[in-house]
Number of protein chains: 2
Amino acid sequence: MKFEEAKRQFIQTWGTLGSEWGINRTMAQVHALLLIAPQPLSTDEIMEELQISRGNANMSLRDLVNWTLIRKELNPGERKEYFVAEKDIWEVARRIATERKRREIEPVKKILTQLKTVEGDQKKAEIKEFTQMMGQLGNFVGKMDKSVDMMMKADENWFFGTLLKLMK
Amino acid sequence: MKFEEAKRQFIQTWGTLGSEWGINRTMAQVHALLLIAPQPLSTDEIMEELQISRGNANMSLRDLVNWTLIRKELNPGERKEYFVAEKDIWEVARRIATERKRREIEPVKKILTQLKTVEGDQKKAEIKEFTQMMGQLGNFVGKMDKSVDMMMKADENWFFGTLLKLMK
DNA sequence: TTTAACTTTCAGTAAATATTGAAAGTACAG
DNA sequence: CTGTACTTTCAATATTTACTGAAAGTTAAA
């Protein structure tokens, strides 16, 4: 396969994967482009390569910076901003996990805790079932949460090494 | 908090969480409703409770059955179909992980493997960066894949027990 | 200052996704 | 068979989400 084709396909694949997991397709494509860029890219280069508008490029880049998946890089004596991606995939995974935990898991955890305290007679099947399920979910989410904390601190080889050794 | 309010809030929370993770909001809400139902529910009961159309209810239920998160239940001598959810949350998590792996991770893995074989001079920075990144990603996705396989076979207490013990 | 090179915003529009509901399909009881 | 109690489908529509591009904002060099 030719390089240009491979690049096109990678960007497309990454975009699709992103949108399947609730991440805006264009943002994932910009990320893909920066992941394989050997040097920092400017907004104009990204617009050109992905054929997107300035507004869209700016927004995607801002979001990626907020996710800490990319950072701005400035050349001395030049106004233009360039962007570089974090290229260590384990680090990328950790940042995504951390961010999604903070934005999505923590709020759910808090709500589940509240919902466990629902008023009503535990002898009613409805209430019993509800309380039990909130308990199970709260417990599970708590464990997931702890697992992410662990991943955040861990080194890749150690993490997968330990995990996969347990499999045998 | 009153039961009706807690129920409403749980269904809403679960729907939001689903849509943040690329799962149709209504499908997640139907799932939530069945998770807390002490007995099987019919399509009409679900339509009524969530205020959705017959078509939408039918489609969401079919999808949930395909994900093996719920199953049909028939009462002898009755035409109507009822639905029950798998209530063991560890089992639910495993089924979701298995399904997403199959639908989304496996195809990406296959493509990454192909993309590693891109033609071109490894001395060119572009190609070198690309090949390296495909290698890193392929490696990472492979490990995630194996971790899910492990989870599929494991018992909840053992899995989290082992994982969280490693944290200390 | 002013000008110019750049970045950000956001109202309007386009595209993607989800939902409805009525018609068609299915299968069982009589 | 035939009626009826259901389930499924799908074209039309509504809703949500993403994108554009021009105007406003910012910053620094002249």
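Predicted model only: the values in this text are computed from it and were never measured. Hydrogens, waters and symmetry mates play no part in the numbers below; they use all other heavy atoms, side chains included. Order of the sequence lines fixes the chain letters, A, B, ..., with proteins taken first and strands second; residue numbering starts at 1 for each chain.
As rounded to whole Å, 12 Å separates atom P of C/dT8 from atom CG of A/D44. Spacing between atom CG of B/L50 and atom P of C/dT20 amounts to 10 Å, rounded to whole angstrom units. Regarding B/N58, its CG atom lies at a distance of 16 Å from the P atom of C/dA22, rounded to whole Å. The separation between B/E81 atom CD and C/dT26 atom P is 14 Å, rounded to whole Å. In this entry the distance linking CD of A/E48 with P of D/dT20 reads 13 Å, nearest Å. Distance, A/L61 CG to D/dA18 P: 16 Å, rounded to whole Å. For the pair B/M47 CE and C/dT20 P, the computed distance is 9 Å after rounding to whole Å. In this structure, the CD atom of B/Q51 is 11 Å from the P atom of C/dG21, given to the nearest Å.
Nucleic acid contact for B/R62: sugar-phosphate only, since backbone atoms but no base atoms lie under 4.0 Å from a heavy atom of the residue.
With C/dT7, C/dA27, D/dT8 as the candidates, the nucleotide lying closest to the side chain of B/K72 is D/dT8. The listed nucleotides are C/dT7, D/dT4, D/dT7; the one nearest the side chain of B/K80 is D/dT7. The side chain of B/T43 lies closest to D/dT7, out of D/dG21, D/dT7, D/dT8.
Residues A/D121 and A/K128 are not paired through a salt bridge, judged by the lack of any N-O separation under 4.0 Å between the basic side chain and the carboxylate. Salt bridge B/R100/B/E104: present, at least one basic N to carboxylate O contact under 4.0 Å. A salt bridge is defined here as a Lys NZ or Arg NE, NH1 or NH2 lying under 4.0 Å from an Asp or Glu carboxylate O, and A/E91 with A/R95 meets this definition.
A donor-acceptor contact under 3.5 angstrom links the side-chain atoms of B/R79 to the base of C/dA27.
Taking side-chain N and O atoms only, A/R25 has no distance below 4.0 Å to OP1 or OP2 of C/dA16. In this structure, B/T26 reaches the C/dT19 phosphate: one of its side-chain N or O atoms is under 4.0 Å from OP1 or OP2. The shortest distance between the side-chain N/O atoms of B/N56 and the OP1/OP2 oxygens of C/dT20 is below 4.0 Å. In this structure, B/N24 reaches the C/dT19 phosphate: one of its side-chain N or O atoms is under 4.0 Å from OP1 or OP2.
A/E81 and A/T43 share no donor-acceptor pair across their side chains, judged by distance under 3.5 Å alone.
Each of B/S19 and B/M59 lies near DNA chain D, and the nucleotide nearest B/M59 is the one positioned closer to the 5' end. For A/G55 and A/E78, each mapped to the nucleotide of DNA chain C holding its nearest heavy atom, the one lying further toward the 5' end belongs to A/E78.
Geometrically, B/R103 engages B/W67 in a cation-pi contact, judged by NZ or CZ lying under 6.0 Å from the ring centre and within 45° of the ring axis.
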